[in-house]
There are 2 protein chains.
Amino acid sequence: MPRAGLDPASVVAAGAALADEVGFAGLTMGLLAERVGVRTPSLYKHIANQDDLNRRIAALALAEAADAVGAAIQGYAGRDALAAAARAFRDFVLTHPGRYAATIGVEPTGPDDPIAVAGERLLGSFTAVLRAYPIGLEEMNHALRALRSFFHGFATLQSGHAFQWSADVDDSFEWLIALVDRGLRSTPVAG
Amino acid sequence: MPRAGLDPASVVAAGAALADEVGFAGLTMGLLAERVGVRTPSLYKHIANQDDLNRRIAALALAEAADAVGAAIQGYAGRDALAAAARAFRDFVLTHPGRYAATIGVEPTGPDDPIAVAGERLLGSFTAVLRAYPIGLEEMNHALRALRSFFHGFATLQSGHAFQWSADVDDSFEWLIALVDRGLRSTPVAG
DNA sequence: CAGAGTTGGCTAATGCCATTAGCTTTTAGC
DNA sequence: GCTAAAAGCTAATGGCATTAGCCAACTCTG
């Protein structure tokens with residue numbers, strides 16, 4: 001029995017890729033073991049259990065999303081930054097539906113949890129998007145949550161095939177970006 | 001062995017209630033059987049299998065949500081209707097997280113599927129909310145999807161404890177409603 | 001370059017969960 | 001009252017996650 005040369009990172013990466021293929025719900029230890037060329041129990045030498053695997057996939061997904069969004073908004077501000085961030089985020093979710101699904105409902109165990117660290121990084125990019133809009137400090141958290149709601153909502157609905165084919169989904173997404181841009185521009189005067 | 005007096009509707013109702021208590025992922029046939037006072041295999045006399053149960057719970061949830069939103073917007077228009085619908089929808093998701101989770105990712109099998117019927121009814125209420133806004137027919141589908149994205153996104157994020165406690169979540173929700181209202185008021189001139 | 005210890009892989013076993021088969025009793029309709 | 005469908009039950013099957021315990025293969029030191 002030659003060694004497979006696995007380590008936690010490679011197992012998690014394979015798990016994320018497999019989740020993207022078969023759906024997060026279809027990700028089983030047996031399938032993942034087969035994918036990495038090992039018997040099921042051997043996976044436990046690298047990850048504690050399936051929940052641990054899910055959390056690591058979630059952290060990976062958040063880190064990758066933060067990278068994608070962060071890179072997309074470089075050099076842009078205002079509406080251009082908003083559109084770039086929104087498109088990058090949605091692209092990521094649509095091309096990596098399984099690993100993004102792993103992030104839903106996970107809660108970091110503490111501030112040093114990789115999930116929290118990556119999540120903060122993603123939030124940082126969202127904050128950068130809002131910088132050019134007339135938003136007071138006190139409203140920043142509300143605006144951040146609004147942005148997250150719209151990014152997360154649209155991406156998960158489309159990923160779950162919740163939209164009929166009555167109109168082009170990409171057009172709807174651009175329309176949504178424009179709607180949010182108008183709303184953010186005309187924030188109320190007082191904080 | 002006296003009969004328990006079960007029928008599909010009561011099993012589905014109990015399943016929805018149980019899902020709200022233990023989370024959709026924690027809903028098992030064994031737990032549901034115990035809850036309705038029957039052994040596990042007996043459930044199959046009323047529902048085909050767990051997937052069937054999930055779909056029926058989803059249809060129930062969509063119907064209830066449609067009722068709640070429809071009732072909430074009675075007599076309101078414009079921003080008032082938007083706020084009423086948003087609050088009713090979020091209240092429903094937060095008080096019934098398990099059954100709402102059952103709706104995520106389900107796809108109706110055809111136009112007569114109760115899931116499709118209830119979903120259309122909910123969409124009808126959302127359409128009514130948009131009626132007082134200056135939105136062209138061609139844009140209606142985009143606006144509808146935008147509304148769904150906001151409602152679904154915020155409600156699922158809050159339900160999944162994805163918001164930190166840095167600011168009051170109810171305030172954020174009202175802020176989001178105001179943002180969407182501003183965006184919907186100032187739609188571009190051309191359709 | 002040998003050998004001790006750690007690491008990573010394997011087989012076997014356990015327990016939970018969904019589902020099916022086949023039997024029995026209740027109950028509704030005649 | 002009788003018959004047949006409906007609704008319950010026990011027993012059995014198969015999939016999945018997880019643990020125990022064993023052995024081979026690297027690593028690292030002397």
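Values reported hereafter were calculated over all heavy atoms of this structure, with side chains retained and with hydrogens, waters and symmetry mates removed. Each chain gets a letter, A, B and so on, in the order the sequences are listed, and its residues count up from 1.
In the region residues 17-44 of chain A, proximity to DNA chain C at under 4.0 angstrom, judged on heavy atoms, holds for A:Val38, A:Arg39, A:Pro41, A:Ser42.
In this structure, A:Tyr100 has its ring center at least 6.0 angstrom away from the ring center of A:Phe24.
In terms of the side-chain contact (heavy atoms from CB on, under 4.5 Å) criterion, residue partners of A:Ser149 (sequence neighbours excluded) are, by chain and number, B:Phe154, B:Leu157, B:Phe163, B:Leu176. In this structure A:Thr40 satisfies the side-chain contact (heavy atoms from CB on, under 4.5 Å) test together with A:Met29, A:Ala33, sequence neighbours excluded.
Checking the phosphate oxygens (OP1, OP2) of C:dG9, a side-chain nitrogen or oxygen of A:His46 falls inside 4.0 Å.
Comparing B:Gln50 and B:Lys45 against DNA chain C, the residue whose closest nucleotide sits nearer the 5' end is B:Gln50.
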Polar pairs (N or O, both sides) under 3.5 Å between protein and nucleotides 3-6 of chain D?
residue	atom	partner	partner atom	Å
D:dA6	N3	B:Arg3	NH2	2.8

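In this entry the distance linking CG of B:Asn49 with P of C:dA21 reads 13 Å, nearest Å. Straight-line distance from the CG atom of B:Asp51 to the P atom of C:dC17: 19 Å, rounded to whole Å.
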Return all side-chain donor-acceptor pairs below 3.5 angstrom for residues 78-86 of chain A, not counting sequence neighbours, or 'none' if the list is empty.
none

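Of all the heavy atoms in B:His142 and A:Ala167, the pair that sits closest is CE1-CB, 4.2 Å.
Grouping the Ile, Leu, Val, Met, Phe, Trp and Tyr side chains by contacts below 4.5 angstrom, directly or via other members, places B:Leu130 with A:Val180.
Annotation: the terminal axes of the helix from C:dC1-D:dG30 to C:dC30-D:dG1 meet at 10°, where each axis is the rotation carrying the C1' atoms of four end pairs onto the next four (5 pairs per end, rounded to 10°).
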